[in-house]
Amino acid sequence: MNNDIKKYIKYVKKIISIHSKDKKEFIQLLTQKIIEFSNEHDSCSYQDIVDEFGNPNEVAGSYIETLDSDEIIKKLNKKKIINIFISVIIILCISVWGFERYRINQLIDEAKHTKMKTYTAEEYKEKIAKEKQEK
């Protein structure tokens, strides 16, 4: 499949924003017909494909006209609901992460302002060794 065919099919897919089994079958059939046309005509260009099949807007429009309007509305609403759900999940994750970062920073600030003696790993080992010797 040459680049002109891929480009044409890509435009048609982009225009038909609904994802369904019917769309997949339509795209496969269209691709097959364009490949057959390309095989029959040497050095087939993008313009040759447009001249034979119509521009991508027309092809996509004719496919969309064959669909039931209720089905289109359902699919678009489903897509909208999925996008809202994903957005809410992302916002929740970012909020939880931000709250956790805030709490960690609070704990770090509290630790800096307490008068507790903190030890490095080596200092702590030395302290334990001294305590063992004293016993």
Side-chain angles (χ1 to χ4, degrees):
M1 188 164 47
N2 70 28
N3 288 337
D4 291 330
I5 296 172
K6 290 179 184 177
K7 181 179 171 184
Y8 186 86
I9 295 298
K10 178 183 169 186
Y11 287 147
V12 172
K13 283 182 181 179
K14 209 179 245 189
I15 296 166
I16 305 172
S17 63
I18 299 167
H19 300 285
S20 69
K21 182 180 177 184
D22 293 337
K23 175 188 171 185
K24 187 175 181 180
E25 289 173 358
F26 172 76
I27 295 296
Q28 287 175 342
L29 181 63
L30 179 63
T31 304
Q32 182 181 357
K33 286 182 178 182
I34 293 172
I35 290 172
E36 288 172 3
F37 175 77
S38 175
N39 289 339
E40 292 172 6
H41 299 83
D42 293 335
S43 67
C44 179
S45 70
Y46 183 84
Q47 189 58 46
D48 294 334
I49 296 170
V50 170
D51 292 342
E52 179 68 22
F53 295 93
N55 71 41
N57 289 331
E58 293 170 348
V59 173
S62 66
Y63 169 75
I64 291 171
E65 287 176 357
T66 64
L67 297 176
D68 180 25
S69 61
D70 290 336
E71 182 182 335
I72 294 172
I73 292 169
K74 285 179 187 177
K75 289 183 185 216
L76 291 174
N77 284 339
K78 183 179 178 182
K79 188 175 182 179
K80 183 179 176 183
I81 289 170
I82 289 171
N83 286 341
I84 290 171
F85 178 74
I86 290 171
S87 298
V88 167
I89 295 295
I90 290 170
I91 290 169
L92 284 173
C93 289
I94 291 171
S95 298
V96 168
W97 177 81
F99 181 73
E100 288 297 317
R101 294 300 308 160
Y102 172 75
R103 287 293 301 142
I104 289 170
N105 286 336
Q106 273 187 329
L107 291 172
I108 290 170
D109 287 344
E110 286 175 19
K112 286 179 182 176
H113 293 90
T114 59
K115 301 216 182 224
M116 289 178 53
K117 170 81 170 125
T118 56
Y119 299 98
T120 64
E122 289 182 12
E123 290 173 335
Y124 189 70
K125 287 178 186 177
E126 290 174 11
K127 179 183 175 204
I128 291 175
K130 283 183 184 178
E131 289 175 358
K132 285 184 181 178
Q133 287 177 354
E134 292 175 359
K135 288 184 182 180

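The figures here come from the full heavy-atom set of this structure, side chains too, leaving out hydrogens, waters and symmetry mates.
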Can you tell me how far apart NZ (Lys14) and CG (Asn57) are? Round to the nearest 0.5 Å. 12.0 Å
Keeping the roles fixed (side chain from Glu40, backbone from Phe37), state whether a donor-acceptor pair exists under 3.5 Å. no
Rounded to the nearest 0.5 Å, the CD1 atom of Ile9 sits from the CD atom of Gln28 at a distance of 10.5 Å
Heavy-atom closest pair (Cys44 atom, Asp4 atom, distance to 0.1 Å) is O-OD2, 3.7 Å
For the OH atom on Tyr63, are there more than 12 heavy atoms of other groups (residues, nucleotides or ligands in this structure) within a distance under 6.0 Å? yes
With a cut-off of 3.5 Å and sequence neighbours excluded, list every side-chain donor-acceptor pair involving residues 84-93.
from: Ser87; atom 1: OG; to: Asn83; atom 2: O; distance (Å): 2.9

Step by step, would you call Phe26 with Thr66 a side chain to side chain contact (heavy atoms under 4.5 Å, CB included)? CA-CA 11 Å; Phe26 172 76; Thr66 64; over 6 Å; no
Does Asn39 use its side chain to pair, donor to acceptor, with the backbone of Glu36 at less than 3.5 Å? no
Mark yes when over 12 heavy atoms from residues, nucleotides or ligands other than Glu131 sit less than 6.0 Å from its CD; otherwise mark no. yes
Assess Lys7 against Tyr46: is NZ or CZ under 6.0 Å from the centre of the six-membered ring, and within 45 degrees of the ring's axis? yes
In Å, rounded to the nearest 0.5 Å, how long is the span from OG of Ser38 to CG of Asp48? 9.0 Å
So how far is it from Ile5 CD1 to Ile35 CD1, rounded to the nearest 0.5 Å? 5.5 Å
Do you know the tightest heavy-atom contact between Lys13 and Lys23? O-NZ, 3.5 Å
Donor-acceptor contact present, side-chain Thr31 to main-chain Ile27, <3.5 Å: yes
State yes or no: do Ile34 and Ile15 share one hydrophobic cluster built from I, L, V, M, F, W and Y residues joined by side-chain heavy-atom distances below 4.5 Å, directly or via other members? no
Is there any side chain to side chain donor-acceptor pair (under 3.5 Å) pair reaching into residues 94-106, and which pairs are they, with sequence neighbours excluded? Tyr102-Gln106, Arg103-Gln106
Interatomic distance, Asn3 atom CG to Lys10 atom NZ [nearest 0.5 angstrom]: 10.5 Å
Apart from Ile104 itself, members of its ILVMFWY cluster (side-chain separation under 4.5 Å) are Ile108
Evaluate the side-chain proximity of Asp51 to Gln47: yes if any heavy-atom separation is below 4.5 Å, no if none is. yes
Can you check side chain to side chain contact (heavy atoms under 4.5 Å, CB included) on Asn55 and Tyr11, steps first, answer last? CA-CA 9 Å; Asn55 71 41; Tyr11 287 147; over 6 Å; no
